[in-house]
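Order of the sequence lines fixes the chain letters, A, B, ..., with proteins taken first and strands second; residue numbering starts at 1 for each chain.
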2 protein chains.
Amino acid sequence: MGGVTQSARLSGADRRKQLIGIGLRMLTKRPIHELPLDQVAAEAGISRGLLFHYFPTKTDYYQAVVSAAARRLIRATTPDPDAPPADQLRQTLDTFVAFLERRRDLYLALFRGSAGGADYLIEIYEQTRDVFADRTVAALGPIEVTPALRLVIRGWFSFVEDTTLTWGRDKPIPREELLTLLAGALPALITAAQPTLAPQVHNLFP
Amino acid sequence: MGGVTQSARLSGADRRKQLIGIGLRMLTKRPIHELPLDQVAAEAGISRGLLFHYFPTKTDYYQAVVSAAARRLIRATTPDPDAPPADQLRQTLDTFVAFLERRRDLYLALFRGSAGGADYLIEIYEQTRDVFADRTVAALGPIEVTPALRLVIRGWFSFVEDTTLTWGRDKPIPREELLTLLAGALPALITAAQPTLAPQVHNLFP
DNA sequence: GCGCGCCGTTGAGTGTTGCTCAATAAGATG
DNA sequence: CATCTTATTGAGCAACACTCAACGGCGCGC
């Protein structure tokens, strides 16, 4: 099983990183309420008491781990800021699908699973989605963001997230076709919601 | 607060129903790991021991409650079997939105965020979605269900679910407009995924 | 009406787990 | 070397999930 390394004295920051890393790994396999903090401490080679020194409650620890996962996701999907907006959106989509392929269990356990849980988890999930929504709006160029459009953009993210996760189970179509489908869905949805925007949006993905 | 009724001797089936009903109510307010089974027992006016007689583990109890919620959702959105397929889909959509409006917390707590995604919960969620996917396929009439189409239909459900939940927070557009948007999204997505189906699908919602 | 067994019900008891706290030891600073 | 900071420990507590042996009301056969 896990490498129960006898650990030397670490700096606070390093110890936190180590503990969060362990959580990132272990919470991918079991849900939070099935993970005793004793096991985390054992894995890190420290006493229970020290764990509580860094994370006063189990909730604090969990929150820190989920936040770390969110940061990873955002970092992994950050597009090249010098590329044209449409390309940036393409990149985000592509890297997002790649992330979900590689870290499927982590994503399911840490985001999807916690999205309906406690408030502090919903908060993290919402913030993450806001980042993607903002990137999408940026890619659309200078158009008025009506409430309906904002709704559709967030909904499109859900569509992308869920379709990719479902696709990842047995990959019933080629990856390229999936990406085309996901990309094509955005102008389709926007047009359905606001037909006046159709012309501006149709050449989003040439 | 809760009516701690001193309860008489009940039949097994009735006691189960009562306990599940209590779970349905209490789990809407706090997540499962913050709900001691003592409180459930107290609310029902029985001893802890009896609770474990009906549900051997806390997981068993939780699973039973989530299943019950899923059955409620499916029952509440079942369309009139004698109506034409397109009407049935309209009905499902309308009642689904109504359900999410009325039982928002319950839906969020028991489906969207079920405790870090244990397998038995994902299973229930998947089965529920399958029901909606099947209803949608039925409404489309006799067309070949390709893998891509199946993906899009599931994805549409996610779009509907999430958009409605987001909309429910501050209702930035009128309810009717939301329904039109959600309904219009299905043919739009299908067309985006499979242009050959466009003609058959465009008069889905007259 | 009477014994008898079934089953809903209880309450005390147990091991694990989240969390506290006072005391220790290792490194940095003067 | 003295002192101050801080990472670290381990004992101890309370809450909770879960067990188990015994009780008691109800229906059944006789």
Side-chain angles (χ1 to χ4, degrees), chain A residues 1-23 25-27 29-66 114 117-121, chain B residues 1-23 26-27 29-66 114-116 118-121:
Chain A
M1 292 285 170
V4 183
T5 339
Q6 198 56 270
S7 64
R9 183 189 173 100
L10 291 185
S11 80
D14 285 347
R15 186 63 82 191
R16 285 180 85 93
K17 275 184 203 161
Q18 179 206 21
L19 292 171
I20 287 175
I22 290 173
R25 186 155 21 92
M26 300 192 88
L27 282 172
K29 287 163 197 149
R30 19 183 174 288
I32 182 68
H33 65 275
E34 284 179 20
L35 177 65
L37 289 187
D38 296 20
Q39 278 187 33
V40 177
E43 184 84 13
I46 61 173
S47 67
R48 253 161 306 160
L50 187 56
L51 188 52
F52 283 98
H53 172 68
Y54 289 107
F55 305 98
T57 74
K58 189 176 187 176
T59 294
D60 287 321
Y61 178 61
Y62 189 45
Q63 183 173 0
V65 173
V66 175
S114 49
D119 289 344
Y120 63 92
L121 293 174
Chain B
M1 291 282 170
V4 184
T5 339
Q6 197 55 269
S7 64
R9 183 190 174 99
L10 291 186
S11 80
D14 285 347
R15 186 62 82 192
R16 286 181 84 92
K17 276 186 204 160
Q18 180 206 20
L19 292 171
I20 287 174
I22 290 174
M26 300 192 87
L27 283 172
K29 288 163 195 149
R30 22 183 172 287
I32 181 67
H33 65 274
E34 284 180 22
L35 178 65
L37 289 187
D38 296 18
Q39 277 187 34
V40 178
E43 184 84 12
I46 61 173
S47 67
R48 255 161 304 159
L50 187 56
L51 188 52
F52 282 98
H53 172 68
Y54 289 106
F55 305 98
T57 74
K58 189 176 188 177
T59 295
D60 288 319
Y61 178 61
Y62 190 45
Q63 183 173 0
V65 173
V66 175
S114 317
D119 288 345
Y120 63 92
L121 292 175

Base, sugar-phosphate, or nothing: which does B/Y54 touch, judged by heavy atoms less than 4.0 Å apart? sugar-phosphate

Roughly, in whole Å, what's the span from CG in B/D38 to P in D/dC16? 6 Å

In whole angstroms, how far is the P atom of C/dC7 from the CZ atom of B/F52? 22 Å

To the nearest angstrom, the CD1-C1' distance between B/I46 and C/dG11 comes to 13 Å

Please state how far atom CZ in B/F55 lies from atom P in C/dT9, giving the value in whole angstrom units. 13 Å

Between D/dT8 and A/R15, is there an OP1 or OP2 to side-chain N/O distance shorter than 4.0 Å? yes

With nearest nucleotide decided by heavy atoms, which residue, B/H33 or A/L51, maps closer to the 5′ end of DNA chain D? A/L51

Report the nucleotide, chosen from C/dC19, D/dT8, C/dT10, that has the shortest atom-to-atom distance to any side-chain atom of A/L50. D/dT8

So if I take every side-chain heavy atom of B/P36 and compare against C/dT17, D/dC16, C/dT9, which nucleotide ends up nearest? D/dC16

Regarding the side chain of B/K58, the nearest nucleotide among C/dC19, D/dT9, D/dC18 is D/dC18

Close side-chain approach of B/L37 to B/F55, heavy-atom, < 4.5 Å: no

Out of C/dT10, C/dG8, D/dG10, whichever nucleotide has its closest atom nearest the side chain of B/H53: C/dG8

dist A/K29:NZ -> A/E34:CD (nearest 0.5 Å) comes out at 14.0 Å

Smallest separation among heavy atoms of B/V65 and B/G23, with atom names: CG1-C, 3.8 Å

Any base atoms under 4.0 Å from B/L35, or only sugar-phosphate, or nothing? Heavy atoms, all strands. sugar-phosphate

Would you mind reading off the distance between A/R9 atom CZ and D/dT9 atom P, rounded to a whole angstrom? 10 Å

So, does B/Y61 get its side chain near the phosphate of D/dA17, meaning an N or O under 4.0 Å from OP1 or OP2? no

Considering every strand and a 4.0 Å limit on heavy-atom distances, what is the contact class for A/T57: base, sugar-phosphate, or nothing? sugar-phosphate

To the nearest angstrom, the CD-C1' distance between A/Q39 and C/dT16 comes to 12 Å

Report the distance from atom CD of A/E34 to atom C1' of C/dT16, rounded to the nearest whole Å. 14 Å

From CG of A/D60 over to P of C/dG18, roughly how many Å is that when rounded to an integer? 14 Å

Any N or O donor-acceptor pair under 3.5 Å from the base of C/dT17 to the side chain of A/R48? no

Any side-chain heavy-atom pair of A/K58 and B/H33 under 4.5 Å: no

Heavy-atom closest contact (B/V40 atom, B/Y61 atom, distance): CG1-OH, 3.5 Å

